[in-house]
Amino acid sequence: MSEVHPDAAAAGRAAQLRELLNHHAHLYYVLDAPELPDAEYDRLFQELQALESAHPELLTPDSPTQRVIGRVLDGFTPVRHAVPMLSIRTETDTTAGGAEAFDARVRRELELDADAPPVEYSAELKFDGLAISLRYEQGVLLRAATRGDGETGEDVTQNIRTIGQIPLRLTGEGTRIAVLEVRGEVYMRRDDFEALNERQRARGDKTFVNPRNAAAGAVRQLDPAIARQRPLSFFAYGLGELSGWTPPPTHGGVLDALAGMGLPVCADRAVLQGAQGLVNFHQAIAARRDELPFDIDGVVYKVNSLELQRRLGFVTREPRWAVAHKYPAQEQVTRLQGIEVQVGRTGKLTPVAKLEPVFVGGTTVSNATLHNVFELRRKGVRVGDQVIVRRAGDVIPEVVGRIPGPRASYVPNFRMPRECPVCASAVLREKGGMDHRCSGGIFCPAQRKQAILHFAGRRAMDIEGLGDKLVDQLVDGAIVQSLPGLYKLGVARLAALERMADKSAQNLVAALEKSKSTTLARFLYALGIRQVGETTAKDLARHFGRLDALMQASVEQLLQVRDVGPIVAQAIHDFFAQPHNREVVEQLRAAGLHWEEHEGAAADDAPKPLSGKTLVLTGTLPSLSRDQAKDLIEAAGGKVSGSVSKKTHYVVAGEEAGSKLDKARELGVAVLDEAGLLALLQGGG
Ligand code: IVH
């Protein structure tokens, strides 16, 4: 009989999975160099769990399902946890069903009747970092340890002390507690992670795959001087060993108490009733997941009453009173089918990965950026490879690496083309720069298309109805050759195009007409001058007042504009030095584009209500949109920034304001609502 016995197949697969999982666990926990995304690891883990429960005889003591993995590294002193550091059971059903299943289990374990009142829960975020136990004695931080295998971790006190958010001495009642072990998560904010990778790249050092790996690497860095350069953050979420303190009777109360002692506790948490409360929390956080300043992979529900927690107890190493409820993964594995080169507005050539479509971070992704040829080489990806795709927040999906493994056949390394794939102009690279550029300028249709799309953008000339499909037709059909050509378009010509009805053609012509009346700042931004974003365009418009004054300005004069440095000044000067660009400007003016001009900064020097002030917007305001609020603030002389720091003067918070509001409170920054903002704009407040 040649057919394999089903149990023999199961045994073979189980052995294979054990080996695979142990290998990846070692890479992940011991070496901090994972090759698999978590979701893939979890999938294999669950496959093994399922096999073992269907065939209990396959269970072996060395199965990764039988222990909490991780090993003490040679370089750190082992620390025994008097109270073990537990893990949490994961509810993988990412729908509302996950929350309902947990609540049903809790009610069953507590032997509650169907008509008993709902169970009260504490709901929190599941931070994607690594677990740390902080030991305070009489309020002084004496030791910090990693979780290790849950029983024994590593002493990482030196590195943890470098984390500014972690108090070296507690405040309030914390100072009087004999022993207080605080459990929580060390993590890295997304912006800190980006900045760190930027620095690593600039130095030619290796970049990190994701914030969690960067955080884990920093905590277990043997040289604390290096650890100090890695920007880490911390949130407390529970207790370990305790003596000399009677904690409040609920988990929510414990977290409040910890916050009261000066420990960072995430404000995105809630005390809720029953399954419905959990479902609402899961959904509310899902809606804001991309806006959070750090990665989470789910939420955590905990039975709020500590008394009920004691009654529920544990199964092996997982408490019955807590569960992690996941969200769809932000990293997935898929196959790299090809690499195409895209030409951007400034001619920059970007290698773009063509992927076997994969569901990641909530959408199906089939294209992902590979940034530039140097990044691509460093990651070592080649067509045909299994690659890891990451899509976190609203950032463009990217390929972060490949799953090592043999290749079916020799695949040549990717090379940047020497000629632009769109216009065949020479491709150039600035000395020492990372980027390749098409030298065709606006003669390159790809650049022309991007330039037109940018010009028409909402924050530029705001020409509604001029989308990429239409621009493709206009440029490819040689109907529009440059920006001024847009204003020669007539209804008949447009209506003859694919997918254009009379009505949409009329609407577009009306939108073009309407766009003619604009502001100097919008016009400057719309021109797409390199280095000139919206804010610089506004500063230039305010400073020079008149377009001709700006066009004639020397580099020295440009340097007088606030926030304009040598690189930006040179870019502006170079742009207007080109006769071709001047011609475009003249033709646009001839087509009827107009804006109000004034005599420049001198006449505009009267102090405005928000001159010199930096504001941060967060949440949804009752009547103003984000853009409207931004425009009002800028018109009043203020600046709008994306993140809260000590330099922020005001945070304007609306409905569903998140971590920016917490940060404001933490730093003591004034918080306003919409009415407060409006008062401030009037010069009151
Ligand atoms: S509580 C008894 N709360 O998830 C439960 N853990 O497997 C002990 N984690 O490595 C953990 N956010 O580091 C808890 N709000 C949170 C958490 C959280 C992230 C991590 C924790 C641990 C893993 C649990």
Side-chain angles (χ1 to χ4, degrees), residues 25 28-29 32 34 38 41-42 45-46 64-65 67-70 81 83-92 102 106 121-134 144-151 153-154 156 160 181-188 211-213 215-216 219-220 232-242 247 250-252 254-256 258-259 263-272 278 281-282 285 289 292 294-306 308-327 659:
Y28 181 102
Y29 285 98
D32 281 336
D38 288 9
Y41 182 92
D42 290 350
F45 193 91
Q46 280 152 22
T65 61
R67 62 187 169 109
V68 184
I69 357 170
H81 300 299
V83 175
M85 291 184 77
L86 303 165
S87 54
I88 328 181
R89 187 194 149 97
T90 298
E91 201 64 69
T92 42
F102 171 61
V106 167
Y121 295 103
S122 168
E124 304 162 19
L125 305 185
K126 186 163 191 299
F127 314 109
D128 206 4
L130 85 161
I132 289 287
S133 184
L134 304 175
T146 62
R147 170 163 141 209
D149 64 3
E151 299 286 342
E154 298 160 337
V156 288
I160 293 300
E181 270 186 14
V182 178
R183 303 264 158 97
E185 197 89 348
V186 171
Y187 66 96
M188 198 177 282
R212 199 212 32 243
N213 293 132
V219 168
R220 298 167 75 241
L232 297 172
S233 302
F234 176 80
F235 279 132
Y237 57 59
L239 297 176
E241 193 184 342
L242 190 60
T250 62
H251 182 74
V254 168
L255 294 182
D256 291 338
L258 293 179
L263 286 152
V265 175
C266 181
D268 280 310
R269 62 191 163 101
V271 171
L272 308 157
L278 300 181
F281 185 80
H282 189 253
I285 298 297
R289 182 183 184 191
L292 293 173
F294 45 82
D295 283 356
I296 57 169
D297 56 355
V299 291
V300 177
Y301 310 135
K302 297 171 185 172
V303 170
N304 200 30
S305 152
L306 301 192
L308 289 185
Q309 288 189 4
R310 271 189 289 276
R311 267 172 56 193
L312 283 159
F314 308 87
V315 225
T316 51
R317 290 178 172 274
E318 296 173 346
R320 285 202 189 85
W321 45 263
V323 78
H325 193 187
K326 293 244 182 170
Y327 290 123
S659 55

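First listed ligand is number 1; within each ligand, the first listed atom is number 1. This chain uses plain numbering: 1 for the first residue, then up along the sequence.
Only the side chain of E185 comes within 4.0 Å of ligand 1, judged by heavy-atom distances. Under 4.0 Å from ligand 1, not a single heavy atom of D128 appears. Under 4.0 Å from ligand 1, not a single heavy atom of R183 appears. Counting heavy atoms under 4.0 Å from ligand 1, residue V300 touches it through the side chain alone.
At least one heavy atom of R147 sits closer than 4.0 Å to an atom of ligand 1. Ligand 1 lies nowhere less than 4.0 angstrom from a heavy atom belonging to A322. The closest approach between a heavy atom of W321 and any atom of ligand 1 is below 4.0 Å. For E318, the closest heavy-atom approach to ligand 1 does not fall below 4.0 Å. For the pair T90 and ligand 1, no heavy-atom separation below 4.0 Å is found.
Relative orientation of the Y187 and F235 rings is parallel, given thresholds of 30° and 60° on the angle between their planes.
Annotation: I88 places an N or O atom under 3.5 Å from an N or O atom of ligand 1; distance criterion only. Considering backbone and side-chain atoms alike, L130 places every N or O at 3.5 Å or more from each N or O of ligand 1. Residue contacts with ligand 1: K302 is placed with a nitrogen or oxygen under 3.5 Å of a nitrogen or oxygen of the ligand (distance criterion only).
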Inset, instruction - Give the C-alpha distance, both sets of side-chain angles, the deciding distance and a yes or no for side-chain contact (heavy atoms from CB on, under 4.5 Å) between R310 and W321. - result: CA-CA 9 Å; R310 271 189 289 276; W321 45 263; over 6 Å; no
Inset, instruction - Before giving the answer on side-chain contact (heavy atoms from CB on, under 4.5 Å), spell out for D128 and I296 the whole-Å C-alpha distance, their side-chain angles and the decisive distance to 0.1 Å. - result: CA-CA 5 Å; D128 206 4; I296 57 169; 5.8 Å; no
Inset, instruction - Show your reasoning for whether side-chain contact (heavy atoms from CB on, under 4.5 Å) applies to S87 and R147. - result: CA-CA 10 Å; S87 54; R147 170 163 141 209; 3.4 Å; yes
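Ring centroid separation for the pair H251 and Y121 does not come in under the 6.0 Å cut-off.
Residues C266 and F127 form a side-chain contact, since some pair of their non-hydrogen atoms from C-beta on lies under 4.5 Å apart.
With ligand atoms numbered from 1 in the order given, ligand 1 contributes 3 (N), 15 (N), 16 (C) to contacts under 4.0 Å with heavy atoms of E124. Every atom of ligand 1 with a heavy atom of S87 under 4.0 Å away is listed here by number and element: 7 (O), 24 (C). Counting the atoms of ligand 1 from 1 in the order shown, those under 4.0 Å from a heavy atom of F127 are 12 (N), 15 (N), 19 (C). Heavy-atom proximity to A131, at under 4.0 Å, picks out these atoms of ligand 1: 10 (O), 13 (O).
Heavy-atom proximity to atom 6 (N) of ligand 1, evaluated over Y187, Y301, Y237, is greatest for Y237.
A salt bridge does not link D297 with R212: every distance from a Lys NZ or Arg NE/NH1/NH2 to an Asp or Glu carboxylate oxygen is 4.0 Å or more. A salt bridge is defined here as a Lys NZ or Arg NE, NH1 or NH2 lying under 4.0 Å from an Asp or Glu carboxylate O, and D268 with R289 fails to meet this definition.
Between V83 and G240, the shortest heavy-atom contact is CG2-C, 3.9 Å.
Here the rule is side-chain contact (heavy atoms from CB on, under 4.5 Å) with Y237, and of K126, R269, R183 only R183 fits it.
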